[in-house]
Structure formats: C-alpha cells, structure tokens
Amino acid sequence: MKMFSIILLVVTASLAFGEEEVMKNLTTVTWAHAVNNKTYLEAALASEVSMLEADIVLGHLNGKDGPPLPIMAHPPATTSDLSLADFLTGVAQYNNVNAKQKGVKLDFKSIEAFEKSQEIIAPFSKPEVTFPLWLNADILPGPIKATTKPVDPAKFIQLAAKHPRAVLSIGWTTNYGGNITEGEYSRDQIGAMLRLVNEHHVNQTVSFPVRAGLASNSQPVLLDLLRETSSLNSSMTVWSSEGDNVEVDRLRALILTVGLERTYLDVPHELAAKLHLPPPNTNAKH
Ligand SMILES: *[C@@H]1O[C@H](CO)[C@@H](O)[C@H](O)[C@H]1NC(C)=O
Ligand SMILES: *[C@@H]1O[C@H](CO)[C@@H](O)[C@H](O)[C@H]1NC(C)=O
Ligand SMILES: *[C@@H]1O[C@H](CO)[C@@H](O)[C@H](O)[C@H]1NC(C)=O
Ligand SMILES: *[C@@H]1O[C@H](CO)[C@@H](O)[C@H](O)[C@H]1NC(C)=O
Ligand SMILES: *[C@@H]1O[C@H](CO)[C@@H](O)[C@H](O)[C@H]1NC(C)=O
C-alpha cells in the first residue's frame, strides 16, 4: 500500500512537471496575421493557431457611410467587411464553445482608433472573460530612423490601463527590410520605453514586440529592458517580415539568453525552423 502511493506520487509529479514545461515555452504559441476580414477570421478560428493578430483603423464597413468606426484593416485600407465589434464577438463565441481558447492581439494603427474602441473592448477585458487579450501599438520611433508616425504613447498606455487583464504590447516603429539589412535598437530607444513604463506606473503584464533582424543585434539593451521590467512579468515578442535579413545564430543566442519562458516567437516558418530551438528536457521522463 505504501509503495503504491509512492509510485502514484512520482507519476503525478512528472505529469505536473511536463505540463509546466509546455506552459513555460512561449515559443509554442502560434500566430495568425492580419485577421482583418470575415473569411480569414473563420479560417483562423477553424485552424490550430492559438493567437489571432489583427489590425484596427477607423474606417467604414464596405458600402456603408456614416461616422467612422473601428474596423479590421491595415493602412492604407480604410474599409473592411469586418468591424472590431464583430471580430471580438466572433472570437468570444468560438471560445464559449471550445475548450482550447484562442487569444487576440489587437494592433491599433492610430490613437483615434484606440480611443473609439474603448467601449467595444471593455466587455472582453472584464476579469470573467479569460481568453488572452493583447493591446498592441508602436508607440515610439525606432530603428532605422523610422518615419512612420508612432501612436501617442501617453494616451495609449493610459487607456490600456483601463483593461488591466490585457497584455500591454508596446513597441517601436521600424524601418527595415529591402536594402536595409543591418541595424539595432539603440540604448536611447530602449531607455525611452523604460521611462514611459515608469512614468505611467504601468501595472499590467507587458510584452515588447521586437523585429528579429534588429533584436538579434541588440542583446545587451534588450536584456536590460526585460530585467528592469521583470516585476511586470515582461516578455519579448520576436517578429519578422518575410524577406528581412536576420542573423540566425545571433537571434538564437538572444532567445536562449532571454529564455523560452520569456520569448514569444512570431516569425515566418522558414526562420523558426532555422533556429533549431532545443527540445524539452527529456530527462524529466522516467
Ligand atoms: C482576408 O485576409 C487575408 C489575410 O490577411 C488575405 O490574405 C485575404 O486576401 C483577405 N481577403 C479579402 C477578401 O480581403
Ligand atoms: C534603398 O532602396 C530605396 C527604394 O527602394 C532607394 O530609394 C534607396 O536609394 C536605396 N538605398 C540604398 C543605400 O541603396
Ligand atoms: C497593480 O494592480 C493590482 C491589481 O489590479 C493592484 O492590486 C495593485 O495594488 C497595483 N499595484 C500598484 C503598484 O499600483
Ligand atoms: C506577475 O505574475 C505574478 C505571479 O503569477 C502575479 O501575481 C502578478 O500579478 C503578475 N504581475 C503582472 C504585472 O503581470
Ligand atoms: C519549445 O517550443 C519550440 C516550438 O514549438 C520547440 O521547437 C522546442 O523544442 C521547445 N523547447 C522546449 C525546451 O520546450
């Protein structure tokens, strides 16, 4: 009898360990991009993917006029067949009847779009709703001398704080790819982000989206950023555009130094495969 209970204990302990390992490997989270129309939303919900990334601008539903409203579209588009309200309702309905929940990362392309989205988001940022909700914007100018206008940082952080269960995903505009193949996040750019987080007393989980080709050359400053924000359970989300120049070995070193438990990986399959991330520790099995 005694031996039996010991065996049971061992089995339970190894199971718990196994599950914990999976949960701590954030690179296992998979992403769909630009889920900005009805057809693609249906396809993404029917797929295995765990997070739906989508863009929000102020615009109009196809063929409708009236005051602009938050719709799913990527600039320069200002029309869509899908509003933010219908997008969130669709995801919530899916999650109500499926055990494995899908999360959303809402990428706001202007502060006006975020302001007009507050009441639409609110029902889904209540504590009793449990699917992952990320609020994302590029709020600071980044490498290399990016000229895209960032979303107003103070307003974005203040409004996002009204949705405390949401992950605050805040990054830099970037100018990379094409014939721009080298660059890094500067100490000043990282410092500006830290100052914002401190000045606004950010008190919700934070993830910093960083572009793979630039992040791989910025290990020291990114380690500082994550260390200084560790009380916010901060992580980085490594993303990359198709065709970006990426030093794979340096990116791998960055990811393993930061840790799989603090790194979301949202890059094209080809790049992900080249990383050869280490497999789970097989010693955990008996
Ligand atoms: C819907 O979105 C997907 C993904 O962004 C895109 O590939 C597709 O062309 C879009 N379809 C329409 C009709 O806009
Ligand atoms: C890079 O490409 C852009 C447009 O594609 C061009 O205007 C620019 O001169 C190029 N820069 C260099 C350094 O080749
Ligand atoms: C952070 O938020 C939590 C819950 O929303 C609250 O209990 C806590 O007091 C806040 N901490 C600070 C430093 O504001
Ligand atoms: C960080 O994680 C701890 C442990 O799960 C939790 O108690 C705390 O509220 C989290 N804080 C933030 C800002 O995410
Ligand atoms: C983490 O997840 C990645 C992607 O699914 C996988 O390739 C890798 O083997 C995993 N590593 C660990 C230590 O769990």
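Counting convention: from 1, in listed order, for ligands and their atoms alike.
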With a 4.0 Å cut-off, would you call Arg227 and Asp224 a salt bridge?
yes
Would you say Asn233 and ligand 4 have an N/O pair spaced under 3.5 Å apart?
yes
In terms of relative ring orientation, are Phe114 and Phe156 parallel, tilted or perpendicular, with 30° and 60° separating the classes?
tilted
Give me the atom names and distance for the closest heavy-atom approach of Lys102 to Phe131.
O-CB, 3.5 Å
If we only count N/O pairs under 3.5 Å, is Thr205 in contact with ligand 4?
yes
With heavy atoms and a 4.0 Å threshold, my read on which part of Ala272 contacts ligand 5 is neither
Would you indicate whether the side-chain heavy atoms of Lys116 and Leu58 approach each other to under 4.5 Å?
yes
Within the supplied structure, the quantity of interest is the number of heavy atoms (other residues, nucleotides, ligands) at a distance under 6.0 Å from Glu182 CD; does it exceed 12?
no
Check ligand 5 against Pro278 and write out every atom of the ligand that is under 4.0 Å from a heavy-atom position of the residue.
8 (C), 9 (O), 10 (C), 11 (N), 12 (C), 13 (C)
Between Asp107 and Lys109, does any NZ, NE, NH1 or NH2 come within less than 4.0 Å of an OD or OE carboxylate oxygen?
yes
Here the atoms of ligand 4 under 4.0 Å from any heavy atom belonging to Leu232 are 13 (C), 14 (O)
Measure Leu260 to ligand 5 on non-hydrogen atoms and call it side chain, backbone, both or neither using the 4.0 Å cut-off.
side chain
Any idea which protein heavy atom is nearest atom 14 (O) of ligand 1, and the distance to it?
Asn37 ND2, 3.2 Å
Is_contact(atom 11 (N) of ligand 4), protein non-hydrogen, under 4.0 Å:
yes
Heavy-atom nearest pair, Ile144 first then Gly183, reads CD1-CA, 3.9 Å
Are any of the N/O atoms in Tyr40 less than 3.5 Å from those in ligand 1?
no
Donor-acceptor side-chain pairing of Thr148 and Thr173 below 3.5 angstrom:
no
Does Val35, backbone or side chain, put an N or O under 3.5 Å from an N or O of ligand 1?
no
For Thr27, the atoms of ligand 5 under 4.0 Å from one of its heavy atoms are 1 (C), 2 (O), 3 (C), 4 (C)
Is there a polar contact between ligand 5 and Asn25, counting only N or O atoms under 3.5 Å apart?
yes
Is there a protein heavy atom less than 4.0 Å away from atom 5 (O) of ligand 4?
no
Mind telling me whether Trp31 and Trp134 have parallel, tilted or perpendicular rings, with 30° and 60° as the class edges?
perpendicular
